[in-house]
Asks: 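Provided herewith is a single structure, encoded as structure tokens, for subsequent inquiry.
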Amino acid sequence: MKLFKKVLREEVLESVLIELSENIEEDVWGSNRRFWNPRLLSNNLGTVSVKTISDKLKIKVLDSLKNILPKSNNIVVQMYVWDTNSGISIHDDGSHVFAATVYLNKTWDANFGGWFIWQEKDEWKVLLPEYNTLVLNDEKQNHTVTPISHQIPEARYTLQIFGKD
């Protein structure tokens, strides 16, 4: 697992947050309950809402990350809204060339859950979501996200980037 801080330029982050706020109440979101493999949902009772970002914004995001992301013939960039009790069970992103997460909440309290946990060899490591930090899985490492607390003041927001071939 590779970690990168302050990955998106401020103007790109601003564009991402504007698109998120303009779409948050629109009828454009899918649900993880409909298209995630059922094994990813075990032990997670909440819902993650998913929306592909606009083509214009995708170009800006990928340009900002061109020196970080591995090459791929097809890259998908989506916004995720992690509601209360949502998380994801242990998996390795095996169907993708790579997977990456950019955290979008400006602050995130440790008590809110949503911890990113990954396995490196025989050791498990933990990351509290941090604004504008990217986590890159290009080695098919096992990882999980702990369930989000029911006491969060706002949902957990991420950009999810998947390289497909």
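Just so we're clear, the structure is a prediction, and the values are computed from it rather than from any experiment.
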Asks: Is there a donor-acceptor contact under 3.5 Å from the side chain of Trp115 to the main chain of Ala110?
Replies: yes
Asks: Which pair of non-hydrogen atoms, one from Leu136 and one from Ile68, has the smallest distance, and what is that distance?
Replies: CD2-O, 3.8 Å
Asks: Ion pair present between Lys60 and Glu11, side-chain N to carboxylate O less than 4.0 angstrom?
Replies: no
Asks: Look at the side-chain heavy atoms of Ile, Leu, Val, Met, Phe, Trp and Tyr, link any pair under 4.5 Å apart, and say whether Ile88 and Val126 land in one connected group.
Replies: yes
Asks: I want to check something: taking the side chain as every heavy atom from C-beta on, are Leu127 and Tyr103 in contact at a cut-off of under 4.5 Å?
Replies: yes
Asks: Going by an N to O cut-off under 4.0 Å, is there a salt bridge joining Lys66 and Asp63?
Replies: yes
Asks: Testing Asn142, Asp92, Thr144 for side-chain hydrogen bond (donor to acceptor under 3.5 Å, both in side chains) with Gln119, which one passes?
Replies: Asn142
Asks: Go through it in stages, so that I can follow the logic: the residues are Asn132 and Val7, the test is side-chain contact (heavy atoms from CB on, under 4.5 Å), and I'd like the CA-CA distance, side-chain angles, deciding distance and then a yes or no.
Replies: CA-CA 6 Å; Asn132 201 18; Val7 292; 3.5 Å; yes
Asks: Assign the ring pair Phe112 / Trp108 to parallel, tilted or perpendicular, where the plane angle (0 to 90°) is split at 30° and 60°.
Replies: perpendicular
Asks: Can you tell whether the side chains of Asp83 and Arg156 come within less than 4.0 Å, N to carboxylate O?
Replies: no
Asks: Between the side chains of Asn73 and Asp165, is a donor N or O closer than 3.5 angstrom to an acceptor N or O?
Replies: yes
Asks: Between the side chains of Glu26 and Lys51, is the shortest nitrogen-to-carboxylate-oxygen separation below 4.0 Å, so that they form an ion pair?
Replies: no
Asks: Please examine the side chains of Tyr131 and Leu13, heavy atoms only from C-beta on, and report whether any two atoms are closer than 4.5 Å.
Replies: yes
Asks: Do Lys140 and Asp93 sit within salt-bridge range, that is, some charged N less than 4.0 Å from a carboxylate O?
Replies: no
Asks: Could you check whether any side-chain heavy atom of Lys164 comes within less than 4.5 Å of a side-chain heavy atom of Val76, counting everything from C-beta outward?
Replies: yes
Asks: Would you say Leu134 and Leu3 make side-chain contact, with heavy atoms under 4.5 Å?
Replies: no
Asks: Contact between Asn44 and Asn85 at the side-chain level, heavy atoms closer than 4.5 Å - yes or no?
Replies: no
Asks: State, with a plain yes or no, whether a side-chain heavy atom of Thr47 is found less than 4.5 Å away from one of Trp29.
Replies: no
Asks: Among Asn105, Thr107, Asn111, find the one that has a side-chain hydrogen bond (donor to acceptor under 3.5 Å, both in side chains) with Asp109.
Replies: Asn111
Asks: Taking C-beta and beyond as the side chain, do Val81 and Leu20 meet within less than 4.5 Å on heavy atoms?
Replies: yes
Asks: Any side-chain heavy atom of Val48 sitting closer than 4.5 Å to one from Val50?
Replies: yes
Asks: Tell me whether Ser72 contacts the main-chain N or O of Ile75 through its side chain, where contact means a donor paired with an acceptor under 3.5 Å.
Replies: no
Asks: Distance alone, cut at 3.5 Å: any donor-acceptor contact between the side chains of Gln160 and Thr158?
Replies: yes
Asks: If you look at every heavy atom in Ser42 and Ser89, which pair is closest and at what distance?
Replies: O-OG, 2.5 Å
